[in-house]
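To start, the structure under review is shown below, and the notes come after it.
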Amino acid sequence: MEEDDRAEVRNSVYGDLHDSTVIQAQQVNVHRNEAMPRRWITWAEELARQVRDVEEAAWRRLLGDDHPRIDLRYRLVEEAGRPARNAREAGRMLAFESARPSGLPEPQASGLPDIWMYFTSLRPRRLVITGPAGSGKTVLALELLLALIEKRRPGSPVPVRIPLADWDTRTSLDELLIDHLHRVYDWRRRRARQMVEHRLVLPVLDGLDEMDEPLPTGRPDPNASRARYVLEELNRHQHGREPGALVLTVRDDGYAALARGEQPDQKRRLLDAARVAVEPVLAPDALAYLTDRATDRARWQPLLDHLAARPDGPLAQRLSTPWRLCLVATVYAADGNPGELLRQRRPRKLDEFLLSRYIRAVTTLHPGGHDHTDVHRWLHPLARHARGDGDADDGPHAVLALHELWRMEGARKIFGTRITASLIAYMLLPWVSTAFGLTPNAVGFTGALILGGVLAWKEYPQDMDPRTLRYLVPWRYPGPAAALLVVTAAVGGATWLALDFRWAVSVAVGMVLPAAFATVLRRPSDVAASRQIMRQEFTTIAVSALLVSVGGVAILSHWYILGDSLIIAIPVTLYSAVFSFGGAGSRYLAFRYRTRGRFPLRLGAFLDWAAEAGLLRRSGSGFEFRHRELRDWLADHATAGRAGERG
């Protein structure tokens, strides 16, 4: 049979497979929709929109915005045991009609299923994407996620990407998904739990190899306890009588290390899944990508001629991953001689050479008023924190969120700074009183100090999440709102009977309402952007302090005139705002105080710029480093030194 005939047969087979997959999906969704409450379908549509908005931005940053995509290929890795059914021998990332032309013959390229078709044909739908560093595993997973959202039908599960490095392995997969929907997409836990329990969320779990630290030699740890727990948990993930659908990305050497040893199968690999390995970028595709990026062809010509003449040579093999191709295209986008890469003989030296020039090139292409040496200096401690180096608290912390950066200094140091600040604020009371000739009730204020300290100490383990004012709406929480009214009425009525009406109003306004509102305000934010989260947090602190101030004035007015009551209420308000009502806001301020000089004044604005420039990528309410290789290089190099300068 001629090659054209074989290609026609392959196209016919995959066309039938595509039609069959769509028909089966439609039939399944029809049956699901008949039994599924309408509200769940509406919730799934809303979640799909939220995920698409977040992940499309991350996908564009990984691809370099308007730059052409490299159509990745992958092959099936045969494994003994329980593989998924209907797994094809090979596939490609893009549908043929949407892929840009490459040097491959058309029949060979068109005979491979795209990633959406490959995944949806699996039974069960469980896919492991493996490959070496920089091979494009996350890009392939994001392409699949966006394709599933684009082609999903009502009632289908919504893919949600979660960085695995931040999984607290004391919790189950379901709890991880619920917490992610709650923190990142502002879903109430009850609603998120219903979505997860009815399998309307499809986990896309990124970076199994990043959960445990490597051995001192740099190789993956075959006894990685956290990764083995995750595999065991994923193998328990069920949807009815079938294994639950999911996608997992992991480096091939890390996955191979986990397969070794005497562990049972459910801790060594993902069962009932198809494992595919991302293949190196073909030389014609790499050459076409760099040619498209080369705006100054004369400067690029020596490198392009070398790759065209030696498509199987050592340099072409070293530039066979999307990450290295992106490094080359970025480093030499504005200036420099790409031909100097011909002198780089070893892959490790090539990576060091490119990474040492990457930040300078990015700051040149995306000027934000930052010098590249400062950018390197600011990113270095963040990279160490993300990798878990030298943290007072256990790491790593793959996602960098403003309201969680205090972990870099450790809980004890931050708590000590908060206590010191609150005591200073409280010590303003006798100074203010003396300055204005007042004699406040020392017993009353000492009792308030002790009570505030006890409440704050009890609150301390739970006040890590940021808060937002929208949770003051009482009908969102009818139970607490009703309890608030009952307690306020009871305390006010008892005070009225014991003393008088004026005291009843003072106690109700000055003691009950501030404490109740402080409890209601301990809720996570609904805003994904880090800077907006902190703005909401500080606004909430201000409103909480205002409530305390009003209550304090209402009580103090029994002893002092209005002006004196306001004067005395100021230090009490500061104390409450800094300590009792501080939460994530006071932690962040304590962190910025302890790290003064190590980061720019507007840290949130800098992180936003780094994400726009391509050094970081957005991940939910925080940021991740663009690539693990970049993170590790920054963590190992405190300063740019001479490496970032042009020779």
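Counting only heavy atoms from C-beta outward, the side chains of L248 and L208 approach each other to under 4.5 Å. V160 has its side chain within reach of H180: a pair of non-hydrogen atoms, C-beta onward, lies under 4.5 Å apart. In this structure, L325 and L319 have side chains that are in contact, with non-hydrogen atoms separated by less than 4.5 Å. Side-chain contact between Y118 and Y74 is present, with heavy atoms from C-beta onward closer than 4.5 Å. Taking the side chain as every heavy atom from C-beta outward, L246 and H237 approach each other to under 4.5 Å. Taking the side chain as every heavy atom from C-beta outward, W187 and I178 never approach each other to under 4.5 Å. Looking at L271 and P243, their side chains never come closer than 4.5 Å, going by heavy atoms from C-beta outward. Residues Q266 and R228 have side chains not in contact (no heavy-atom distance under 4.5 Å, counting atoms from C-beta outward).
The two residues P220 and L215 have their closest heavy-atom pair at O-CD1, 3.8 Å. Annotation for N235 and Q238: closest pair O-OE1, 4.4 Å, computed over non-hydrogen atoms. Heavy-atom minimum distance, R626 versus C326: NH2-SG, 3.0 Å. Of all heavy-atom pairs between G622 and V399, the closest is CA-CG1, 3.9 Å. Taking both residues in full, the closest heavy atoms of V51 and P159 are given as CG1-O, 3.3 Å, listed atom of the first, atom of the second, then distance. Closest approach of R88 and P113 over heavy atoms only: CG-CG, 4.3 Å.
If you take OG1 on T321 and CD1 on I70, they are separated by 8.5 Å, rounding to the nearest 0.5 Å. L122 contributes atom CG, which lies 7.5 Å from atom CG of N86 (distance to the nearest 0.5 angstrom). Here the CZ-CG distance, from R188 to L181, works out to 13.5 Å after rounding to the nearest 0.5 Å. In this structure, CG on D209 lies 9.0 Å from CG on L164, to the nearest 0.5 angstrom. Of the inter-residue distances, the one linking R318 atom CZ with R348 atom CZ reads 14.5 Å to the nearest 0.5 angstrom. Separation of atoms NE2 (H182) and CG (L177) is listed at 14.5 Å; rounding is to 0.5 Å.
Using a cutoff of 4.0 Å between basic side-chain nitrogens and carboxylate oxygens, E624 and R161 are scored as salt-bridged. Contact check on R384 versus D636 returns no salt bridge, with no Lys/Arg side-chain nitrogen under 4.0 Å from an Asp/Glu carboxylate oxygen. Ion pairing of R387 with D632 is present here, as a side-chain N (NZ or NE/NH1/NH2) and a carboxylate O approach within less than 4.0 Å. R618 and E612 are joined by a salt bridge, as a carboxylate oxygen and a charged side-chain nitrogen come within less than 4.0 angstrom of each other. Salt bridge absent: D114 and R92 never bring a charged side-chain N and a carboxylate O closer than 4.0 Å. By the 4.0 Å N-to-carboxylate-O rule, E89 lies too far from R75 to be salt-bridged with it. Under the 4.0 Å criterion applied to side-chain N and carboxylate O atoms, D272 and R123 are not assigned as salt-bridge partners. Electrostatic pairing of R193 and E175 counts as a salt bridge here, judged by a charged N lying under 4.0 Å from a carboxylate O. We find that D351 and K349 are not joined by a salt bridge, their nearest charged nitrogen and carboxylate oxygen being 4.0 Å or further apart.
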Criterion side-chain contact (heavy atoms from CB on, under 4.5 Å) on L327 and L355, from CA distance to verdict | CA-CA 7 Å; L327 282 177; L355 287 169; 4.1 Å; yes
Could you walk me through whether L47 and V201 pass side-chain contact (heavy atoms from CB on, under 4.5 Å), step by step?
-> CA-CA 9 Å; L47 179 60; V201 178; 4.1 Å; yes
Check step by step if side-chain contact (heavy atoms from CB on, under 4.5 Å) holds for F625 and L634.
-> CA-CA 10 Å; F625 276 90; L634 281 167; 3.6 Å; yes
Given R219 and D253, is the side-chain contact (heavy atoms from CB on, under 4.5 Å) satisfied, shown in steps?
-> CA-CA 8 Å; R219 295 184 176 182; D253 56 352; over 6 Å; no
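Using a distance-only test at 3.5 Å, with no hydrogens or angles considered, no donor-acceptor pair links the side chain of T130 to the main chain of V250. Side-chain atoms of R617 do not come within 3.5 Å of backbone N or O of G614 as any donor-acceptor pair. Side-chain N or O atoms of T42 include one that pairs as donor or acceptor with a backbone N or O of R38 at under 3.5 Å. Judged by distance alone, the side chain of E279 and the main-chain N or O of R73 form no donor-acceptor pair under 3.5 Å. Listed for the H637 side chain is a donor-acceptor partner under 3.5 Å among the backbone atoms of W633. In terms of modelled atom types and a separation under 3.5 Å, the side chain of H627 and the main chain of G134 share a donor-acceptor contact. Put simply, the side chain of R152 never gets that close to the backbone of V158: no donor and acceptor are under 3.5 Å apart.
Residues forming a side-chain contact (heavy atoms from CB on, under 4.5 Å) with P216 (at least two apart in sequence, or on another chain): none.
Between the side chains of T138 and D206, at least one donor N or O sits under 3.5 Å from an acceptor N or O. Between the side chains of W43 and Q194, no donor-acceptor pair is found at a separation under 3.5 Å. Side-chain contact, E143 with W116: no donor N or O sits under 3.5 Å from an acceptor N or O. Checked by atom type, the side-chain pair R251/Y255 shows no donor-acceptor distance below 3.5 Å. With 3.5 Å as the limit, one finds no donor-acceptor pair spanning the side chains of E629 and W323.
Partner V128 forms a side-chain contact (heavy atoms from CB on, under 4.5 Å) with one of R269, E79, R275, K137 and no other, that one being R275.
For R236, the CZ atom sits in a packed shell: over 12 heavy atoms of surrounding residues, nucleotides or ligands are nearer than 6.0 Å.
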